Amino acid sequence: MSSSAENDPTVTERGASSKDKHEDGDKEQGGGGFIDKVKDFIHDIGEKIEEAVGFGKPTADVCGIHIPHISLHRADLVVDVLIKNPNPVPIPLVDIDYLIDSDGRKLVSGLIPDAGTIHAHGQETVKIPVSLVFDDIRSTYKDIQPGSIIPYLVRVVLLVDVPIIGRIKIPIQKDGEIPIPYKPDVDVEKIKFHHFSFEETTATLHLKLENKNDFDLGLNLLEYEMWLGDDSIASAELTQTAKIEKQGITRMQVPFSFRPKDFGSAVWDMIRGRGTGYTIKGKIDVDTPFGNMKLPISKEGGTTCIKKDDDDDDDDDN
């Protein structure tokens with residue numbers, strides 16, 4: 001403040017006595033007083049122009065957060081920021097600085113330079129893409145478990161360049177929740193035998209899907225392939241609607257057929273009533289409160305056997 005005052009001839013002139021003003025006016029031959037009047041005039045005109053054209057600070061708000069993609073490995077978020085420019089000229093959006101934390105712990109941060117221009121007397125929705133990598137989060141914060149839902153807070157600082165006013169920062173924030181997905185467990189509870197021949201055998205696969213997440217899964221599609229020993233005996237893509245409640249279990253019956261003569265000893269052990277090892281792999285397409293997910297399912301080293309039609313359907317022998 002003191003340095004600017006010393007360099008401002010207007011401030012210096014107003015601090016002098018009337019005698020000094022007269023003497024200085026004589027020395028300057030009236031020049032100093034004229035300059036002061038011109039400067040005051042320009043200042044007054046500038047204020048009037050500023051009032052007339054209505055220069056003001058822009059405003060901003062987080063109008064939405066979307067999750068276009070989420071999987072076991074990462075979640076892609078898009079933060080929508082609505083910026084309104086009340087000024088008669090466009091203003092440049094110099095930088096966007098963002099940070100996402102959970103209970104005060106940083107999850108991800110970044111800077112987007114030269115983010116565009118906000119039109120005069122207009123508004124723009126600026127989209128900020130952010131990716132959360134779950135492995136990084138879990139390795140940093142050991143208490144965050146797969147299957148859980150964690151709170152988050154998005155903090156955004158916009159740096160804009162407003163004519164007359166200059167560069168200003170606009171801080172905004174919004175909270176929400178994000179899941180750390182856990183893949184469902186799958187088990188073959190039994191294989192129900194209906195009709196047997198060497199050319200074609202029909203059966204039903206009894207699957208158990210366990211949801212270990214803290215949120216419901218709405219099942220849309222199941223893709224799987226099953227092996228008995230080294231033989232792939234069944235594969236299918238099933239469109240089936242079912243709700244798998246959080247920390248819950250759902251059971252599915254999947255019909256299939258195979259040709260026993262084409263397979264090895266594992267199939268014959270199963271047909272003879274002996275337990276045999278199986279492997280099942282695939283994926284499920286589910287809806288969640290956070291958007292659609294495609295989650296893998298897999299089970300290796302399980303044991304199952306064939307049940308005949310007259311066996312009790314409630315028998316859950318593995």
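Worth knowing before you read on, the calculation uses all heavy atoms, side chains too, and leaves out hydrogens, waters and symmetry mates. Remember, it's a predicted structure, so these values are computed and weren't measured experimentally.
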One should read off an interatomic distance between Asp214 CG and Glu177 CD, to the nearest 0.5 angstrom, of 10.5 Å
Take Lys299 and Asp187, measure what salt bridge (charged side-chain N to carboxylate O under 4.0 Å, His left out) needs, and give me the verdict at the end.
CA-CA 7 Å; Lys299 175 75 173 184; Asp187 276 315; 3.2 Å; yes
Original post:
Do the side-chain N and O atoms of Lys106 and Thr140 include a donor-acceptor pair separated by under 3.5 angstrom?
Top reply: no
(Q) Main chain of Tyr182, side chain of Asn213: is a donor-acceptor contact present, judged purely on distance under 3.5 Å? (A) yes
Is it the case that one hydrophobic cluster holds both Val130 and Val126, taking links as side-chain heavy atoms less than 4.5 Å apart, direct or via other members? yes
Side-chain heavy atoms under 4.5 angstrom apart, residues restricted to Ile, Leu, Val, Met, Phe, Trp, Tyr: same cluster for Val254 and Trp227?
no
Stepwise side-chain contact (heavy atoms from CB on, under 4.5 Å) test for His206 and Arg251: CA-CA 7 Å; His206 288 244; Arg251 288 174 168 82; over 6 Å; no
CA sep, side-chain torsions, deciding dist, call: Asn85, Val160, side-chain contact (heavy atoms from CB on, under 4.5 Å): CA-CA 10 Å; Asn85 176 19; Val160 295; over 6 Å; no
Same apolar cluster (I L V M F W Y, side chains within < 4.5 Å links), Tyr141/Ile100: yes
Item to complete: Answer whether the closest heavy-atom distance between the side chains of Pro58 and Ile91 falls below 4.5 Å.
Response: yes
message = If we ignore hydrogens and angles and just use 3.5 Å, is the side chain of Asn292 paired with the main-chain N or O of Val286 as donor and acceptor?
response = yes
On a heavy-atom basis, the closest approach of Pro151 and Ser102 is O-OG, 2.6 Å
Closest non-hydrogen atoms of Phe256 and Ala234, given as atom of the first, atom of the second and distance, are CD1-CB, 3.6 Å
Distance col, row Asp285:CG vs Met293:CE, nearest 0.5 angstrom, shows 11.0 Å
For this session: Given side-chain contact (heavy atoms from CB on, under 4.5 Å), test Leu207 with Val188 step by step and report yes or no.
Result: CA-CA 5 Å; Leu207 294 179; Val188 176; 3.8 Å; yes
- Between His121 (side chain) and Pro86 (backbone), is there a donor-acceptor pair under 3.5 Å? yes
task: Indicate yes or no: at least one non-hydrogen side-chain atom of Glu237 is less than 4.5 angstrom from one of Leu221.
output: yes
For Thr202, the side-chain contact (heavy atoms from CB on, under 4.5 Å) test, sequence neighbours excluded, returns His194, His195, Ser257
Note: Asp97 and Gly110 closest approach over all heavy atoms is OD1-O, 3.1 Å
Nearest heavy-atom contact between Phe134 and Ser71 is CE1-O, 3.2 Å
Check your understanding: Taking side chain as C-beta onward, heavy atoms only, is Ile150 less than 4.5 Å from Ile144?
Key -> yes
> Any donor-acceptor pair under 3.5 Å linking the side chain of Asp101 with the backbone of Leu107?
Replying inline: no
Exercise. List the steps and the verdict of side-chain contact (heavy atoms from CB on, under 4.5 Å) for Ile149 and Phe290.
Key: CA-CA 10 Å; Ile149 300 173; Phe290 309 95; 3.9 Å; yes
| field | Pairwise side-chain contact, Leu72 with Pro146, heavy-atom cut-off 4.5 Å (strictly under) | value | no
Given the rule that I, L, V, M, F, W and Y join up when any side-chain heavy atoms are under 4.5 Å apart, are Leu77 and Phe215 in one cluster? yes
To the nearest 0.5 Å, atom CD1 of Ile170 lies from atom CG of Leu159 at 9.0 Å
Check the surroundings of atom NE2 in His66: do more than 12 heavy atoms from other residues, nucleotides or ligands lie under 6.0 Å from it?
yes
Any non-hydrogen side-chain atom of Leu205 less than 4.5 Å from a side-chain atom of Tyr224? yes
CG of Leu99 to OH of Tyr152, rounded to nearest 0.5 Å, is 13.5 Å
> Are Asp76 and Arg74 ion-paired here, with the side-chain N under 4.0 Å from a carboxylate O?
Replying inline: yes
dist Leu158:CG -> Thr59:OG1 (nearest 0.5 Å) comes out at 10.5 Å
In short, Asn211 meets Lys246 closest at the heavy-atom pair ND2-CA, 3.6 Å
For residues Val162 and Val94: do they belong to one hydrophobic cluster (side chain heavy atoms under 4.5 Å, members Ile, Leu, Val, Met, Phe, Trp, Tyr)? no
>> Less than 4.5 Å apart, side chain to side chain, heavy atoms only: is that true for Val79 and Lys174?
In response: no
Notebook entry, point to check: Any Lys/Arg nitrogen of Lys127 or Asp80 sitting under 4.0 Å from an Asp/Glu carboxylate oxygen of the other?
Noted result: yes
Problem - Lys183 side chain near Ser298 side chain, heavy-atom distance below 4.5 Å - result: yes
With a 4.5 Å cut-off on side-chain heavy atoms, are Ile118 and Asn87 touching? no
Nearest heavy-atom approach of Pro184 to Ile297 is O-CG2, 4.1 Å
dist Ile96:CD1 -> Ile128:CD1 (nearest 0.5 Å) comes out at 4.5 Å
### Query
Should Gln253 and Thr204 be marked as a side-chain hydrogen bond (donor to acceptor under 3.5 Å, both in side chains) after you check the CA-CA gap, both sets of side-chain angles, and the distance that decides it?
CA-CA 6 Å; Gln253 297 183 16; Thr204 298; 5.5 Å; no
